[in-house]
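Source: prediction; values computed, not measured.
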Amino acid sequence: MNDATPSAPVTSPRRRFGPLAVLLALAVGLGGGGLGAWSLARHRAAPGDGHDHDHAQGGDAKATAEAKTTYVCPMHPTITSDHPGDCPICGMKLVPMKPAVSATTGAAGGGATKSGERKLKFYRSPMDPKQTSPTPRKDEMGMDYLPVYEDEVGGATPVQGLAAVTIDPSRQQLIGLRTAEVTRGPVSASWRTVGKVAVDETRVHHVSVRVSGFIETVYADYIGKFVKVGDPLFSIYSPDLFSVQQEYLLALKTQRALAASGGGVAGAGEDLVSSARERLRLWEVPEGEIRRLERTGKASRTLTFRSPMSGVVTKKDAVMGHRITEGDMPFEITDLSSVWVLADAYESDLARIKLGMTASLALQALPEHKFQGKVVFIDPLLDPKTRTAKVRLAFANRSGELRPEMFGEVTLRGKAREGLRVPTDAVIDSGRAKVVFVALGDGKFEPREVRIGTVSADQSEVLSGVEAGEQVVTRANFLIDSESRLRASLAALGGGK
């Protein structure tokens, strides 16, 4: 039976493991040996307790954490992200920043917080500050919750509506932040305002007539003409004046006749002459014209009116043939050798303005020349619309360069005194109070309410709120003010979390 069953062919071992299989086994053996040798060498070279794989993974994680970039809003430093994007508040592009050092050590370190580092409080929704979370998450719109630190929700400040802010040095450089020291020194009591050149009302003269007549000749024939004292202005023909001259001549003739006849009646002739002469004077007939009348004995048909002062004709209502009556003022003469400058002074400045205080005037038309004057009058009434009072300053104008209705900048100068000074740019006027931001060190800035005294072009006197030697922000303070208000609002909405 066994002979009838065909037997299976017997495979030789040499045939099962051919030359190719032998070479493959040899390569595997060599590779394993090399890998083992490399592993052994690495094990011997690595210090520590022998957990080489864990150590390598920890090093890779550390390198990955160090290479991670944080993106932050330059206007709102609390807005951060791990990827590029836009600020949800102002819409500005987020800029890459060097990641901050981790607040904790590795897992083996037990999570101890390093001294001087900010401690994370919670996470807040960028769109709804009332929504918070103890862990990172996203809101309904897919936006990352923002980290909130303890110094952002804690630190209440004495300034209502403002909170202290912390800005790292790189971000300070990004926004151009600058500080200046609060110093003690002379505080200038000078300040600037706007002024308008005006006519000195004490140097205006109206030429009036006291007798009716007709204008025959006009000598000062246009407005703006300069006349000297005694120059002719106009001449009139007046029947009444001609009659009075005749009466005066008759009185003189009568006086001479009575004096020649004797008999003690010469005194009566003197009374008649004095009465007629006084009437001519009351009609403002010049003394020279009266003497001419006495000398020639002939009445003049016309009477010439002359300028009572040197100045400029600023009004002219006289033309040839025009009839004038008693009380008319056909001419106005103004002396511009001295002018007024009317400056506006606010209520806060009135206490510092004194009579006799010196002042200077600068005009755009004459930038190379500064005029010097002094305060001669302070208006006792305020303008209800502008809430200012007019301050009158007197300026010499012998050259005639100052013309009425010119506008210029007036600088009033008081006496300097000692006091605390800060740059004027450091003071932020919020409407209710004046605030400066004081640098406390380590990138922290605290708002302080200050009381301001004298303000000059570049320095402001501080009466209270800061001390000498402190540093105040002079540039980018409005950005810090915005961030401070935002943090204060978020803290209020957070409900003290």
Next item on the list: Please name all residues satisfying ring-ring contact (aromatic ring centres under 6.0 Å, His included) with Phe331, sequence neighbours left out, ordered by chain then number.
Entry: Phe234

Notebook entry, point to check: Of the non-hydrogen atoms in Ser208 and Met329, which two are nearest, and what is the gap between them?
Noted result: CB-CG, 3.8 Å

Check: Just how far is it from atom OG of Ser360 to atom CZ of Phe371, taken to the nearest 0.5 Å?
Finding: 11.0 Å

Item checked: Minimal non-hydrogen separation, Arg413 against Ala359, with atom names -> NH1-C, 4.1 Å

Checklist line | Atom CD of Gln173: over 12 foreign heavy atoms under 6.0 Å | finding: no

Check: Can Asn397 and Val197 be said to form a side chain to side chain contact (heavy atoms under 4.5 Å, CB included), step by step?
Finding: CA-CA 11 Å; Asn397 187 34; Val197 181; over 6 Å; no

Notebook entry, point to check: What are the two closest non-hydrogen atoms of Trp340 and Ala394, and how far apart are they?
Noted result: CD1-CA, 4.4 Å

Note to self: Other residues, nucleotides and ligands only: do more than 12 of their heavy atoms fall within 6.0 Å of CZ on Arg403?
What the structure shows: no

Margin query: Does any part of the side chain of Val207, heavy atoms only, come nearer than 4.5 Å to the side chain of Pro308, both counted from C-beta?
Written below: yes

Next item on the list: Answer yes or no: is there an ion pair linking Asp168 with Arg171, defined by an N-O contact shorter than 4.0 Å?
Entry: yes

Check: Between Thr80 and Tyr71, is there a donor-acceptor pair closer than 3.5 Å when you use the side chain of the first and the backbone of the second?
Finding: no

Notebook entry, point to check: Under 4.5 Å between any side-chain heavy atoms of Ile333 and Val313, yes or no?
Noted result: yes

Checklist line | Student check: side-chain heavy atoms of Leu282 and Arg210 closer than 4.5 Å | finding: no

Notebook entry, point to check: What distance do Leu146 atom CG and Ser133 atom OG have between them, rounded to the nearest 0.5 Å?
Noted result: 12.0 Å

Notebook entry, point to check: Under a 4.5 Å cut-off applied to non-hydrogen side-chain atoms, are Gln372 and Thr358 in contact?
Noted result: no

Notebook entry, point to check: Mind checking whether Val391 and Val410 have side chains closer than 4.5 Å, heavy atoms only?
Noted result: no

Checklist line | Residues Arg448 and Glu446 bridged, charged N to O under 4.0 Å | finding: yes

Check: Applying salt bridge (charged side-chain N to carboxylate O under 4.0 Å, His left out), which residue pairs with at least one partner in residues 314-326 are found, sequence neighbours left out?
Finding: Lys315-Asp317

Next item on the list: Mark yes or no for whether Gln172, through its side chain, and Ile167, through its backbone, hold a donor-acceptor pair below 3.5 Å.
Entry: yes

Margin query: If you compare all heavy atoms of Gly469 against all heavy atoms of Glu181, which two are closest, and at what distance to 0.1 Å?
Written below: CA-OE2, 3.4 Å

Item checked: The single option from Leu402, Val199, Leu361 passing side chain to side chain contact (heavy atoms under 4.5 Å, CB included) against Val339 -> Leu402

Checklist line | Working for side chain to side chain contact (heavy atoms under 4.5 Å, CB included), residues Asp335 and Asp200 | finding: CA-CA 8 Å; Asp335 181 11; Asp200 186 344; over 6 Å; no

Next item on the list: Would you check if the side chain of Asn477 reaches a backbone N or O of Asp481 as a donor-acceptor pair within less than 3.5 Å?
Entry: no

Check: Considering residues, nucleotides and ligands other than Asp442, do more than 12 of their heavy atoms fall under 6.0 Å from its CG?
Finding: no

Check: If you measure from CG on Leu162 to CZ on Phe445, what distance do you get to the nearest 0.5 Å?
Finding: 15.0 Å

Margin query: Within the structure provided, determine whether Leu342 and Arg392 are in side-chain contact (heavy-atom separation under 4.5 Å).
Written below: yes

Next item on the list: Decide if atom CD of Glu418 counts as having more than 12 heavy atoms of other residues, nucleotides or ligands within a radius under 6.0 Å.
Entry: yes

Note to self: As an exercise, state the distance from OG of Ser399 to NE2 of His369, rounded to the nearest 0.5 Å.
What the structure shows: 6.0 Å

Next item on the list: Could you check if a side-chain atom of Cys87 sits within less than 4.5 angstrom of a side-chain atom of Leu94, using non-hydrogen atoms only?
Entry: yes

Checklist line | Closest heavy-atom pair and its distance - Cys73, Cys90 | finding: SG-SG, 3.6 Å

Notebook entry, point to check: Residues two or more places apart in sequence or in another chain: which of them pass ring-ring contact (aromatic ring centres under 6.0 Å, His included) with His205?
Noted result: none

Notebook entry, point to check: Does the side chain of Lys434 come within less than 4.5 Å of Ile428's, by heavy atoms?
Noted result: no

Item checked: Salt bridge flag under 4.0 Å for residues Lys390 and Asp344 -> yes

Next item on the list: Start with the C-alpha gap between Leu479 and Leu177, add the side-chain angles, then the distance that decides, and say whether side chain to side chain contact (heavy atoms under 4.5 Å, CB included) holds.
Entry: CA-CA 9 Å; Leu479 297 178; Leu177 188 145; over 6 Å; no

Check: When you look at NZ of Lys138, are more than 12 heavy atoms from neighbouring residues, nucleotides or ligands closer to it than 6.0 Å?
Finding: yes

Next item on the list: Inspect the surroundings of OH in Tyr346 and state if more than 12 heavy atoms from other residues, nucleotides or ligands are less than 6.0 Å away.
Entry: no

Next item on the list: Report the distance from atom CD of Glu368 to atom CG of Leu363, rounding to the nearest 0.5 Å.
Entry: 10.0 Å

Next item on the list: Check step by step if side chain to side chain contact (heavy atoms under 4.5 Å, CB included) holds for Arg421 and Val462.
Entry: CA-CA 6 Å; Arg421 305 174 303 177; Val462 181; over 6 Å; no

Item checked: Euclidean distance, Ile79 CD1 relative to Met92 CE, rounded to 0.5 Å -> 12.5 Å

Margin query: Using every non-hydrogen atom in the two residues, find where Asp139 and Met143 come nearest and quote the distance to one decimal.
Written below: OD1-N, 2.7 Å

Next item on the list: For salt bridge (charged side-chain N to carboxylate O under 4.0 Å, His left out), just list the numbers for Arg306 and Asp231, CA-CA rounded to whole Å, side-chain angles, deciding distance to a tenth of an Å, and then say yes or no.
Entry: CA-CA 5 Å; Arg306 300 182 180 275; Asp231 286 351; over 6 Å; no

Item checked: Backbone N/O of Val229 and side chain of Ser310: donor-acceptor pair under 3.5 Å -> yes

